[in-house]
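For reference, the structure discussed in these notes is given below.
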Amino acid sequence: MNIITFDSDDKLNEAAANIIIGQIQTTPRAVLGLATGGTPVGIYKQLVNDYRRGMISFNNVTTFNLDEYVGLPIDHPESYHSYMNSHLFEHIDLPSSQCHIPDGNATDPEDECRRYDQLIELSGQIDLQLLGLGHNGHIGFNEPAHALIRGTHVVDLADETREANARYFTTINEVPAQALTMGVGTILKAKKILLVVKGADKADIVQRALQGPITTDCPASLLQTHPNLIVLLDKTAAGKLS
Ligand code: F6R
């Protein structure tokens, strides 16, 4: 595991964007796993700037997002489809046929999960998986549990997750109760994982995830087993690491 700490948000975002760009430049048809949430917003902004400056093309890239809410209309401002369009996809030359996000409105969610796993399988392996970290140790929406699920599945969102994401909705009641998420098995199969965490409120969980016991109670702790994990932290998120 390679942990790098930054004293400025700009430097962290630039470093993360450079890792993603480096992956695209060295892998002819790179497959990227993408995250949503507050953490990657600045990274996507940096990637859009780099694209506009002619530093990178996404024409041959394929992307798979980690998750999507169940039951939120695709054009709802807080759907992860809307998030990806507004923060990244509509600003770059990534063909829409190459961007994949689970369909949270599928009539048969189980079938949708199988379809999503097959698509990932068909694309080969995810070359680089970008991850954020939930306050409870979730990655994707793999919440703490007695056992974790390998592939894409429907998940009941933990109360902490709905509370954390309520900041994007008018009331917590509007936060969907379920999501479709890529499983931990798929995440760990990625060739390289880039975990990005910002903020003092994540310092405890960063410590547990990176230095605590490997346990399904903290799904991110399983990342300790990955042979190619890069962790980018701001100073405050790194505050409790020994
Ligand atoms: C988002 C995702 C989640 C977030 C996590 C952190 O696609 O899968 O695991 O990365 O909830 O969210 P933020 O960045 O908003 O703190």
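In what follows, every heavy atom counts, from backbone to side chain, and hydrogens, waters and symmetry copies are set aside. In listed order, ligands and their atoms are each counted from 1.
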Atoms of ligand 1, numbered as shown, that sit under 4.0 Å from any heavy atom of Leu66: 8 (O)
Exceeds 12 heavy-atom contacts within 6.0 angstrom, atom NZ of Lys191: yes
Atoms in ligand 1 flagged as close to Gly38, the criterion being non-hydrogen separation under 4.0 Å: 13 (P), 14 (O), 15 (O)
Ligand 1-proximal atoms of Thr39, by part, heavy-atom distance under 4.0 Å: both
Close aromatic pair by centroid cut-off 6.0 Å: Phe64 and Tyr116: yes
Residue part near ligand 1, for Asn65, under 4.0 Å between non-hydrogen atoms: neither
Gln178 side chain vs Val70 backbone, donor-acceptor pair below 3.5 Å: no
Identity and distance of the protein heavy atom lying nearest atom 2 (C) of ligand 1: Asp67 OD2, 3.4 Å
For atom 6 (C) of ligand 1, closest protein heavy-atom neighbour: Leu133 O, 3.4 Å
Parallel, tilted or perpendicular: ring planes of Tyr80 versus Phe141, cut at 30 and 60 degrees: parallel
Within reach of ligand 1, part of Thr36 (heavy-atom separation under 4.0 Å): both
More than 12 heavy atoms from other groups under 6.0 Å of CZ on Arg115: yes
Heavy-atom nearest neighbour in the protein, as seen from atom 11 (O) of ligand 1, with distance rounded to 0.1 Å: His138 NE2, 2.6 Å
SB check Arg114 Asp117 (cutoff 4.0 Å): no
Hydrophobic cluster membership, Leu131 vs Ile20, 4.5 Å side-chain cutoff: no
Note: Asp234-Lys198 ion pair, threshold 4.0 Å (strictly below): no
Pick from Lys198, Arg167, Glu143, Lys202: the one approaching atom 16 (O) of ligand 1 most closely through a non-hydrogen atom: Lys202
Atom 9 (O) of ligand 1: nearest protein contact (heavy atom, Å): Gly140 O, 2.7 Å
Atom 10 (O) of ligand 1: nearest protein contact (heavy atom, Å): Gly132 CA, 3.3 Å
